[in-house]
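Being a predicted model, the structure only gives us computed values, none of them experimental. Values below: all heavy atoms of this structure, side chains included; hydrogens, waters and symmetry mates excluded.
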Amino acid sequence: MSTSSGASSRSTGVPLTEAPPEPPVSAAATAANPAPPGPGFAPGNAARTSRQSDPGSIGGGTTARPERYLVVVRYIEAHATNGGTGESAAEAPARYLFVRWPDWPPPAMLALSPPVLDETLGHAVELVLSTRLGVHVIGAPRLGGTRIPARMPHSRTGVEGLGWLRPVAVSASGVVAPDALLAGFALLTAEQARAALSTDVERIVFTAGVALFD
């Protein structure tokens with residue numbers, strides 16, 4: 001995998017640099033920083049599945065090797081046709097929603113830490129998407145079992161070390177309204193996204209996230 005040392009840490013919440021693959025470790029809950037703050041939160045129809053209903057699947061990191069989730073957002077058009085071309089939304093290829101940062105032009109996935117205490121994955125995903133992009137979640141988010149090793153700053157020490165990235169797949173709809181810290185957004189097909197993402201790590205996580213919709 002290629003290394004992109006110039007990637008902005010804000011593009012995904014972690015620098016996506018290459019790390020040697022290692023076998024998965026057993027899941028253990030870990031406290032982590034919440035998603036970036038934003039305007040008021042409207043729950044919408046986010047899933048309310050408690051983390052306790054699936055112990056071990058959420059927060060599978062440790063203090064030494066933290067875990068971060070990259071959100072793969074399949075965007076659902078609010079209208080029946082695709083751009084007035086006459087092609088139905090069902091026939092058109094799925095498009096995925098990405099953010100653009102002012103200091104990092106390539107499209108990027110939003111990142112969040114595993115939910116803590118009584119927060120659910122559905123609530124955490126709804127919060128980050130509603131505050132950063134103004135869209136609302138449709139259905140329950142799906143957390144992938146694939147964990148990709150990557151180097152990232154550890155939240156408790158600030159020292160860069162090995163951690164894990166996992167995909168969270170979710171559908172969303174609504175008028176996209178990026179917050180003031182974003183330079184914009186991009187709606188891309190899976191093929192376009194794989195060509196536009198800046199690192200192999202992101203492409204691997206994105207591909208694993210897309211597979212969760214099948």
Side-chain angles (χ1 to χ4, degrees), residues 4-17 31-47 66-79 83 94-117 119-139 141 150 152-156 158 160 163 165-190 192-193 195-199 201-203 205-206 209:
S4 177
S5 59
S8 165
S9 63
R10 290 191 300 168
S11 66
T12 58
V14 290
L16 297 180
T17 56
N33 292 331
F41 166 63
N45 57 355
E67 188 171 86
R68 294 278 283 170
Y69 301 157
L70 296 187
V71 187
V72 179
V73 184
R74 182 175 61 180
Y75 185 70
I76 305 298
E77 301 283 355
H79 45 78
R95 294 197 296 169
Y96 299 87
L97 182 57
F98 298 86
V99 299
R100 293 191 186 276
W101 295 98
D103 58 352
W104 188 250
M109 292 169 282
L110 286 171
L112 69 154
S113 298
V116 297
L117 301 177
E119 184 183 31
T120 65
L121 181 60
H123 181 276
V125 172
E126 176 79 24
L127 177 63
V128 73
L129 291 183
S130 63
T131 57
R132 304 315 300 263
L133 289 167
V135 296
H136 62 269
V137 166
I138 299 175
M152 62 184 70
H154 291 194
S155 60
R156 295 184 181 180
E160 185 180 273
L165 294 175
R166 293 173 69 183
V168 173
V170 68
S171 296
S173 187
V175 178
V176 183
D179 71 11
L181 295 179
L182 295 172
F185 68 94
L187 284 171
L188 305 172
T189 66
Q192 291 170 334
L197 290 169
S198 60
T199 67
V201 171
E202 289 171 292
R203 283 185 281 272
V205 176
F206 172 74

Is there side-chain contact between L110 and L133, with at least one heavy-atom pair below 4.5 Å?
yes
Rounded to the nearest 0.5 Å, how far does OG1 of T120 lie from CD of E126?
10.0 Å
With sequence neighbours excluded, what pairs up with F98 under the ring-ring contact (aromatic ring centres under 6.0 Å, His included) test?
F206
Side chains of L127 and L112: closer than 4.5 Å at any heavy-atom pair?
no
Distance col, row L187:CG vs Y96:OH, nearest 0.5 angstrom, shows 12.0 Å
How far does CG of L70 sit from CE of M109, to the nearest 0.5 angstrom?
5.0 Å
Which heavy-atom pair separates V128 from T131 by the least distance, and what is that distance?
O-OG1, 3.5 Å
Side-chain contact test, heavy atoms from C-beta onward, threshold under 4.5 Å: evaluate it for R95 versus E77 and give yes or no.
yes
Partners of A177 by side-chain contact (heavy atoms from CB on, under 4.5 Å), sequence neighbours excluded?
none
Hey, is the main chain of P105 close enough, under 3.5 Å, to the side chain of R100 for a donor-acceptor pair?
yes
A169 versus G209, closest heavy-atom pair with distance
CB-O, 3.4 Å
P115 versus H123: any side-chain heavy-atom pair under 4.5 Å?
no
Are the side chains of E202 and L165 in touch, meaning some heavy atoms are under 4.5 Å apart?
no
S173: side chain to side chain donor-acceptor pair (under 3.5 Å) partners, not counting sequence neighbours:
none
pair S113-R68: side-chain heavy atoms closer than 4.5 Å:
yes
With a 4.5 Å heavy-atom cut-off, do I138 and R74 have their side chains touching?
no
